[in-house]
Amino acid sequence: MNTVYFLVQQTMFFSIPLLIVALGGMFSERSGVINIALEGIMIMGAFSGILFINVMQSAFSLPPQMLLLLAVLVAAAVGVLVAMTHAYAAINMKADQVISGTAINMFAPAFAIFAARMIRQVQQIPFRNDFRIAKAPLLGDIPVLGPLFFRNTYITTYLGFAVLAASAVVLYKTRFGLRLRACGEHPQAADSVGVNVYKMRYAGVAISGALGGIGGLVFVIPTSTNFNASVAGYGFLALAVLIFGQWRPSRILLAAFFFGLMKTVASAYSGIPFLANLGVPNDIYKMIPYIATLIVLAFTSKNSMAPRAEGVPYDKGGR
């Protein structure tokens, strides 16, 4: 049973960042803007959040969970700023959205390395990981569920589920969500009834940036004690989760947990007795998430339900 608890907890660590970032990508693409820049936004969000934690841990003694939540806000704000450069290029300048996103992906790690060396004279930014919750009061004592979800966990896990619930409500139960989806499906029709397509697309990309920045920080916190200008390709993996999840929150959740499980097998197989005893080279395990990505996309991309107008610049005067 301890192996099951370990497997579920590790899967959470890998799945929650994928869930948050894929939901961010969903908002952007539902508005009609492809956000290939999720990897770069994650890197910038993680860099700013970890740097904030590093500085605050050196200068102040804030409660760990409060410090983590403040770092989440910093990461979200930086993610929005980075995403706005992509939004301006894609919406106002009508640039190729893939090229714009790729430029951000190339810029982000270079900037993070340069800034880290300027600030700390080393490439890595360390932090004390005081954020793990050994056991949540009362909830940690619940049989089975307690050890699975309320022990050896992080507050970011619950943040991920909160983002999922909020995304589903906003997208399907609010006027904003209806207008956002309309701009991604048929922007001309939305414009004809008074919806400002440009503003809605900016809003979608901004939400994407905020969640992408948060996702970068959420990825680093449970898995490391320093940041080295990399999120291990999670931004691209989140795009695979988004496509596999067909741009729908409930299916994105399932896709995130599937890929999170694959990543857990690749990274923590030595803690699973059955896999550790197989004698399979560790390089094989490391390939599992990416092989699974290729297989899943090969079988699901044919039935893609992507927004019809995603990636298509909107020209208000060119009806």
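Keep in mind the model is a prediction, meaning the values are calculated, not measured.
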What pair of heavy atoms forms the shortest contact from [X] to [Y], and how long is it?
| X | Y | result |
| --- | --- | --- |
| Leu180 | Ser31 | CD1-CB, 3.4 Å |
| Ser230 | Phe219 | O-CE2, 4.5 Å |
| Tyr314 | Tyr198 | O-OH, 3.1 Å |
| Ala112 | Ile43 | CB-CG2, 4.2 Å |
| Ala238 | Leu18 | N-CD2, 3.7 Å |
| Val195 | Cys183 | CG1-SG, 3.8 Å |

How about [X] and [Y]: do any of their side-chain heavy atoms sit closer than 4.5 Å?
| X | Y | answer |
| --- | --- | --- |
| Tyr285 | Ile288 | yes |
| Met200 | Asn196 | no |
| Phe14 | Tyr234 | yes |
| Phe258 | Val296 | yes |
| Val8 | Thr11 | no |
| Asp141 | Lys135 | yes |
| Leu19 | Val163 | no |
| Thr153 | Met12 | no |

Reported [atom1]-to-[atom2] distance for the pair [X] and [Y], which is rounded to 0.5 angstrom:
| X | Y | atom1 | atom2 | answer |
| --- | --- | --- | --- | --- |
| Arg248 | Leu254 | CZ | CG | 12.0 Å |
| Asn228 | Ile113 | CG | CD1 | 7.0 Å |
| Trp247 | Arg181 | CH2 | CZ | 15.5 Å |
| Arg128 | Thr225 | CZ | OG1 | 12.0 Å |
| Gln9 | Asn152 | CD | CG | 5.0 Å |
| Asn35 | Ile207 | CG | CD1 | 12.0 Å |

For the side chain of [X] and the backbone of [Y], is there at least one donor-acceptor N/O pair under 3.5 Å apart?
| X | Y | answer |
| --- | --- | --- |
| Asn105 | Ile36 | yes |
| Asn54 | Pro126 | yes |
| His86 | Ile34 | yes |
| Ser28 | Val33 | yes |
| Gln65 | Phe131 | yes |
| Ser192 | Ala189 | yes |

Mutual orientation of the aromatic rings belonging to [X] and [Y] [parallel < 30°, tilted 30-60°, perpendicular > 60°]:
| X | Y | value |
| --- | --- | --- |
| Tyr158 | Phe150 | parallel |
| Tyr154 | Phe13 | perpendicular |
| Phe47 | Phe227 | tilted |

In this structure, would [X] and [Y] fall into the same cluster of hydrophobic residues linked by side-chain contacts under 4.5 Å?
| X | Y | answer |
| --- | --- | --- |
| Val4 | Phe6 | yes |
| Val169 | Ile252 | no |
| Leu148 | Phe257 | yes |
| Leu159 | Leu67 | yes |
| Leu145 | Ile155 | yes |

- Could you walk me through whether Ile50 and Ile221 pass the side-chain contact (heavy atoms from CB on, under 4.5 Å) test, one step at a time? CA-CA 8 Å; Ile50 296 300; Ile221 290 296; 3.9 Å; yes

